[in-house]
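Proteins come first, then strands; the chains are lettered A, B, ... in the order of their sequence lines, and each starts at number 1. None of the values given here were measured: they were computed from a predicted structure.
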Amino acid sequence: GAVVSQHPSWVICKSGTSVKIECRSLDFQATTMFWYRQFPKQSLMLMATSNEGSKATYEQGVEKDKFLINHASLTLSTLTVTSAHPEDSSFYICSAERQGDLYTDTQYFGPGTRLTVL
Amino acid sequence: AQKVTQAQTEISVVEKEDVTLDCVYETRDTTYYLFWYKQPPSGELVFLIRRNSFDEQNEISGRYSWNFQKSTSSFNFTITASQVVDSAVYFCALSGITTSGTYKYIFGTGTRLKVLA
């Protein structure tokens, strides 16, 4: 159990368009979901933490209006990159904490979404 | 401040050799968790192990073993008899509570392991 999916797995878009990435916990309910960004050959950088039904908490330096996060249900969180530009091209990874795992801190990661902005 | 250091950027070994990946962490928390994840070329992070700060017992899982030493703030990972399929980037991570009361992971920069046939 504890499978997290992301859709799409890769996307190419034109500069100025918006792109939505979905993160779903397939076989468990996720109280908290996280969004990370990873540049080539670099580590994961936490962008924001979202809890179901409340506003996301963004890390310092992450533009809230640029990266819109919605956590509408216990199994779905979405990240929308608004007015994407080439510098937004990256690998975006989501993760989820399983409800009931509050004291173990284990995050289950999705397979990632590779965004390329032309 | 919390920090995870993986000093080895890239390691190359020949198949069947043993290899140890180092991880050193910094935290002021008394309760925290340490993790190792594997990221193969496909990109998906694969969970390997979780260790809480009160459990310093070493762990072995098949060819994998982990050595947790609080005295040196290290959580090293050893692969015995390495195989080509072990080639990946390995991340060490620390889970700690933030000032806002939520937990989050702090990742090291990763170690790229190349196992040559």
Hey, what do you get for CZ (B:F47) to OG1 (A:T106), rounding to the nearest 0.5 Å?
5.0 Å

Are any side-chain N or O atoms of B:T109 and backbone N or O atoms of A:S43, one a donor and one an acceptor, separated by less than 3.5 Å?
no

Below 4.5 Å from any heavy atom of chain A, which atoms of B:Q39 appear? Answer side chain, backbone, both or neither.
side chain

About how many Å separate CD of A:Q38 and CZ of B:F107, when rounded to the nearest 0.5 Å?
9.0 Å

A:Y36/B:Y105 aromatic ring centres below 6.0 Å:
no

Are any non-hydrogen side-chain atoms of B:K104 and A:T57 less than 4.5 angstrom apart?
no

In terms of heavy-atom contacts, does CD of A:E87 have more than 12 from other residues, nucleotides or ligands at under 6.0 Å?
yes

Linking I/L/V/M/F/W/Y whenever any side-chain heavy atoms sit under 4.5 Å apart, do A:V117 and A:V19 land together?
yes

I'd like to know if A:L44 and B:F35 are part of one continuous hydrophobic network [Ile/Leu/Val/Met/Phe/Trp/Tyr, side-chain heavy atoms within less than 4.5 Å].
yes

Same cluster or not: B:F91 versus B:I79, using hydrophobic residues (I, L, V, M, F, W, Y) connected whenever any side-chain heavy atoms lie under 4.5 Å apart?
no

Is the number of heavy atoms from other residues, nucleotides or ligands within 6.0 Å of CD1 (B:I60) greater than 12?
no

May I ask you to check whether over 12 heavy atoms, not counting those of B:K16, lie within 6.0 Å of atom NZ?
no

Is a side-chain N or O of B:Y37 found less than 3.5 angstrom from the main chain of A:F109, in a donor-acceptor match?
no

Same cluster for A:F28 and A:L76 if Ile/Leu/Val/Met/Phe/Trp/Tyr side chains link at under 4.5 Å?
no

A:Q6 versus chain B, heavy atoms under 4.5 Å apart: side chain, backbone, both or neither?
neither

Smallest separation among heavy atoms of A:G110 and B:E44, with atom names:
O-CG, 4.1 Å

Determine whether A:V11 and A:F91 fall in the same hydrophobic cluster, where Ile, Leu, Val, Met, Phe, Trp and Tyr are linked whenever their side-chain heavy atoms lie under 4.5 Å apart.
no

If you tally heavy-atom pairs under 4.5 Å against chain B, which of A:M45, A:Q42, A:Q107, A:R114 wins?
A:Q107

Here the pair of heavy atoms bringing A:K41 nearest to B:R112 is CG-NH2, 3.5 Å

